[in-house]
Amino acid sequence: MAEAAVAEGFTPEFGEGAAAQEQVPAELNLLHFLDRKDFVDCAVRLPAPAPGSEPKGEDEVGGGSGEVVPGHRLALCSASGFFYRRLIVEAKDLTTAPVEGCGDLPAVDLPALPDDEELRRQVDVAGLFPLVLRFVYSGQLWESIEPQVTAENAMGLFALGELLEIRPLAARAFGFLETSVLTPETSARLLYAAARLARATPSSSSRGGGGSFDEPVARCTEVLRQGFEQVCSSPEDLDLLCRLPVDMLQPLLEADELEVLSEATVLEVARRLLRGRMRREEALVTLEGGRLSGAKAAGAPVGGVICEALVVEAPSPEVLLRARAEAPKYSAATDALQLQSGECELGKDLVLRIPKGAFGPGKPGTVAVRVRAAVSREVLLVGSLPSASLPLATAGEGAQTEVSLTTPDGKPGGTLRFKWKAEAAPPEEPVAAPPAEGAEGEGADGGGDAVAAAAAAAEAAVATSAAQFAATISEEQASKVLEAVRFSQLEHKDLLAAIKDPVLLEAGAQQRILEALSSRLDAYESAGQEGSKRQEPRPSTVRRSPGEATANSAELSPVGEAAAATQSGGLGPMSLGGPATSQAALGRPPAPADAAFGGAYGSAALRTRSAGRRVGGPGAGGHPLFPCAVCNAGSLVLRQRDLRWTIECSRYPSCNHAVLLPSSIMAAAVDGHCASCTLRLNVDVRTLTVRVGHQHAATLLKLPGGVDTLRGMCVAGCNDTLQRLGD
């Protein structure tokens, strides 16, 4: 009867004579059979272990997979929809695997994860599956595994709960994530894993299974949005953020609720994403025959050193030390090297792509060269290959080149010598978009063929969608990224830096930046210009303390407090005056660019006068207009002298450079910025608001519509407005 009761493959460990040794446990449940081979009737093939972990057993299956774990169909199918489908519904399709002491058993492969190092680090299937089995065999009691649940493995448990359709495990693990793990510091890492799994999991309609990761994606996105500024301060988190698909990242960057201190944070994310993933004209550069010499300052760290080269598009001493490659293609590294008296051969060529737009004479790009400790990754030596040293316009080979290395504190640290060669890099194609809904299964005859076709199409869509992580983006996607940046809300210095950034120019941001510069002038124009589109600031960027608001009020207001100085006619503050117009409304052609103020800036109509009695304190004119071209040390500011408005050097009386404005101007103040002169002169050029006195009828006739106030007037040489206003 015993043989009839035990089906094929059910081989108890105890046999004849063993009954006397086997004791009935005081508490019987499925956990008693978890680590035993009594009555096992199936097996589970684990994937290869995650990087840095060790397999849990000796049994291996071909193809590089991990160990084979015996199990019981009844226990697995009672808790998991995935195992129910594979062991019962699709049992005829199963292959077998040998299990020691049990023979060949029907074997199930666990769902495969995308080949992503970060995801496998968080979801270590081989390491976590024993916890999943304990949860299953305990009757799905969270308390049976709760002591082993940590911040490091909670996402993995949630993922396995969803993938294996063990709903109670997924629910409890997600609850643990929300209450104990999910913070701004962890949101980017958790979002990346959840998004990666969401894009890699076929829909339940196509396959009858798979997990739903929409809720954790939404929850992680919400927390990340609330702590976005903090997230972006971490290089590792910023790197994960920039690897997300564009269709997921763009709505995040566009959101009004995005918590940032300034719009510059959003611009930096967009810049990083474009640098790492935009399709650009590139050269393939090989640094060959490298030799490190005189590097005794590096010492002899345990495990040796590695030498790396990486592209840095915005170099600075701090950046060279801490920069991370914008993309793997922009970096290369040697294997571990052993220094002998500070000398060693690199042993391999360093091959990396270099974006041509960021390199060349006058361009900011450089190739950073660093020597790191192979184990601790500490930077021991650093240097840079100047942009001009790699003429990438044409392919070819260069002569022997050397890079001087220094220690992190600036002391000499040795020399790296090599030869280089450059060639055109093959273009990278963007990932194709997934097929449109309804396209899958077209032409199928129905029935099983239609289901199979739909499943195949869904698998293909999942593969395509999953491939969009860190993939090259198209021009259209790059444009969508730029649309998320509110350029008109960037500070002036950020706009000036952006207009010189090669990757932003390559992405087509120049027009957006120019419009943003011009919008600062529009803020001072008369209302009623219909059709003008100005992006509103994010609420988080305008929430300031009372002290900050007071400190910035002079710059934000078209007319500062001291700029309300008036003369004859009893004119009040200009911001409260009558109708106004801009210099563009005069319809005058611009003056030649070389009509320079003091030889470098301004209108030729302005004349330098001898110094007279100055009226008003240092802040009478508000913000400086632009640098003084006479002493090259001060800035030109707006002041009153002998009852006349003047533009003079802030270093007066050390520098007597002073220019009288036309006598018809009764009131003046610094207001906005001149985009044209700022770009032409490569300095921040401010504009004026001026009021013409009513007694100067001839001058008033030159202004349209009876206005007396002219806003956004530039005196740096882009027009002849002041000359036409007369003396």
Got more than 12 heavy atoms from elsewhere within 6.0 Å of [atom1], [X]?
X: E483; atom1: CD; value: yes
X: K348; atom1: NZ; value: yes
X: E257; atom1: CD; value: yes
X: E215; atom1: CD; value: no

Measure the spacing between [atom1] of [X] and [atom2] of [Y] and express it to the nearest 0.5 Å.
X: T179; Y: F174; atom1: OG1; atom2: CZ; result: 10.0 Å
X: R377; Y: E308; atom1: CZ; atom2: CD; result: 6.5 Å
X: L504; Y: Q510; atom1: CG; atom2: CD; result: 11.0 Å
X: R219; Y: L177; atom1: CZ; atom2: CG; result: 11.0 Å
X: K500; Y: I513; atom1: NZ; atom2: CD1; result: 11.5 Å
X: E229; Y: S262; atom1: CD; atom2: OG; result: 6.5 Å

Between [X] and [Y] (side chain of the first, backbone of the second, donor and acceptor by atom type, cut-off under 3.5 Å), is there such a pair?
X: S479; Y: E475; answer: no
X: T334; Y: C307; answer: yes
X: R277; Y: C242; answer: yes
X: E378; Y: A373; answer: no
X: E162; Y: F213; answer: no
X: T366; Y: V312; answer: no
X: N153; Y: Q148; answer: yes

Are any non-hydrogen side-chain atoms of [X] and [Y] less than 4.5 angstrom apart?
X: R538; Y: R486; result: yes
X: T221; Y: V217; result: yes
X: L197; Y: L113; result: yes
X: L482; Y: F487; result: yes
X: S331; Y: L352; result: no
X: T678; Y: I499; result: no
X: V367; Y: V285; result: no
X: R243; Y: D116; result: yes

Heavy atoms of L240 and Y192 approach each other most closely as O-CD1, 3.8 Å
Write down the atom of A151, the atom of F176, and the distance for their closest heavy-atom approach. N-CE2, 4.2 Å
Parallel, tilted or perpendicular: rings of W142 and F135 (30°, 60°): perpendicular
Please determine if E118 and R121 form a salt bridge, counting it only when a charged side-chain N lies under 4.0 Å from a carboxylate O. yes
Is R512 salt-bridged to E515, cutoff N-O under 4.0 Å? no
Testing L253, L258, V231 for side-chain contact (heavy atoms from CB on, under 4.5 Å) with R225, which one passes? L258
S474 and E476: side chain donor to acceptor below 3.5 Å: no
Can V132 and L157 be said to form a side chain to side chain contact (heavy atoms under 4.5 Å, CB included), step by step? CA-CA 7 Å; V132 175; L157 286 172; 4.2 Å; yes
Does E282 form a salt bridge (Lys or Arg N to Asp or Glu O under 4.0 Å) with R280? I'd like the steps, not just the answer. CA-CA 6 Å; E282 297 169 336; R280 309 171 70 180; 5.9 Å; no
Under the salt bridge (Lys or Arg N to Asp or Glu O under 4.0 Å) criterion, do R271 and E313 qualify, and how do the steps go? CA-CA 11 Å; R271 180 188 285 118; E313 296 194 42; over 6 Å; no
